[in-house]
Asks: 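What follows is a structure written as structure tokens; I'll ask about it next.
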Amino acid sequence: MYYLKTSASFDSAHFLQGYDGKCANLHGHHWVIEVEISGDQLQKNGSCNGMLVDFGDLKQAVRELANRFDHTLIYEKNSLKPDTEAALLSENFHSISVDFRPTAENFARCFFEKLYEKGLPIYRVTVYETPDNCAVYEV
């Protein structure tokens, strides 16, 4: 079995509505996404002969995910009052509403699924919200 691994990072803010602790308040992280793909066969033809996947293609897919979330406020859908959302929009703040609670665990699964949809042979996604704390999702 062959494994390839790459990573990308982004900075963003989030909060956990209804959480009983400091993370209920708006705060930021330097998130790191580590992506691992796997396969037992290397390509046999073309410019990618001898490769599982072109590292350039893998890095680009992961970087696109990171860039989408970089320097944004990420919040769970319906966790902000409509007036708050409108105020953020009127100030031209970049914010992203997601259909899940924005935890490291849920980001790991979200990123896994988005990369899988691109046809990459995803094995594992690890998301660090701090240098010492991460969540892992694999199938």
Asks: Indicate whether any N or O donor in one side chain lies under 3.5 Å from an N or O acceptor in the other, for Ser12 and Trp31.
Replies: yes
Asks: Establish, yes or no, whether a centroid distance under 6.0 Å links the rings of Tyr75 and Phe15.
Replies: no
Asks: Measure up the Tyr116 and Phe112 rings against each other and bin them: parallel (under 30°), tilted (30 to 60°), perpendicular (over 60°).
Replies: parallel
Asks: Taking CG in Asn49 as the centre, count heavy atoms belonging to other residues, nucleotides or ligands within less than 6.0 Å. Is the count above 12?
Replies: yes
Asks: Is the distance from the ring center of Phe107 to that of Phe100 below 6.0 Å?
Replies: yes
Asks: How long is the gap from SG on Cys110 to CG on Asp99, to the nearest 0.5 Å?
Replies: 9.5 Å
Asks: Ignoring hydrogens, what is the shortest heavy-atom contact between Ala8 and Ala66? Give both atom names and the distance.
Replies: CB-CB, 3.9 Å
Asks: For the atom pair CD1 (Ile37) and CG (Leu4), what is the distance rounded to the nearest 0.5 Å?
Replies: 4.5 Å
Asks: For Leu42 and Gly50, work out which heavy atoms get closest and say how close.
Replies: CD1-O, 3.5 Å
Asks: Is the number of heavy atoms from other residues, nucleotides or ligands under 6.0 Å of Phe93 CZ greater than 12?
Replies: no
Asks: Roughly how far, to the nearest 0.5 Å, is OG1 of Thr6 from CD of Gln60?
Replies: 12.0 Å
Asks: Working to the nearest 0.5 angstrom, can you tell me the gap between Phe10 CZ and Thr72 OG1?
Replies: 7.0 Å
Asks: Is the backbone N or O of Ile74 less than 3.5 Å from a side-chain atom of His14, with the two atoms forming a donor-acceptor pair by type?
Replies: no
Asks: Would Arg109 and Glu105 pass as an ion pair if we require N to O under 4.0 Å?
Replies: no
Asks: For the atom pair CZ (Arg68) and NZ (Lys114), what is the distance rounded to the nearest 0.5 Å?
Replies: 5.5 Å
Asks: I want to know whether His71 and His94 have ring centres closer than 6.0 Å.
Replies: no
Asks: Working to the nearest 0.5 angstrom, can you tell me the gap between Glu129 CD and Thr103 OG1?
Replies: 8.0 Å
Asks: For residues Phe55 and Ile122: do they belong to one hydrophobic cluster (side chain heavy atoms under 4.5 Å, members Ile, Leu, Val, Met, Phe, Trp, Tyr)?
Replies: yes
Asks: Without swapping roles, check the side chain of Asp11 against the backbone of Asp70 for a donor-acceptor pair under 3.5 Å.
Replies: no
Asks: Are the side chain of Glu34 and the backbone of Ser7 linked by a donor-acceptor contact shorter than 3.5 Å?
Replies: no
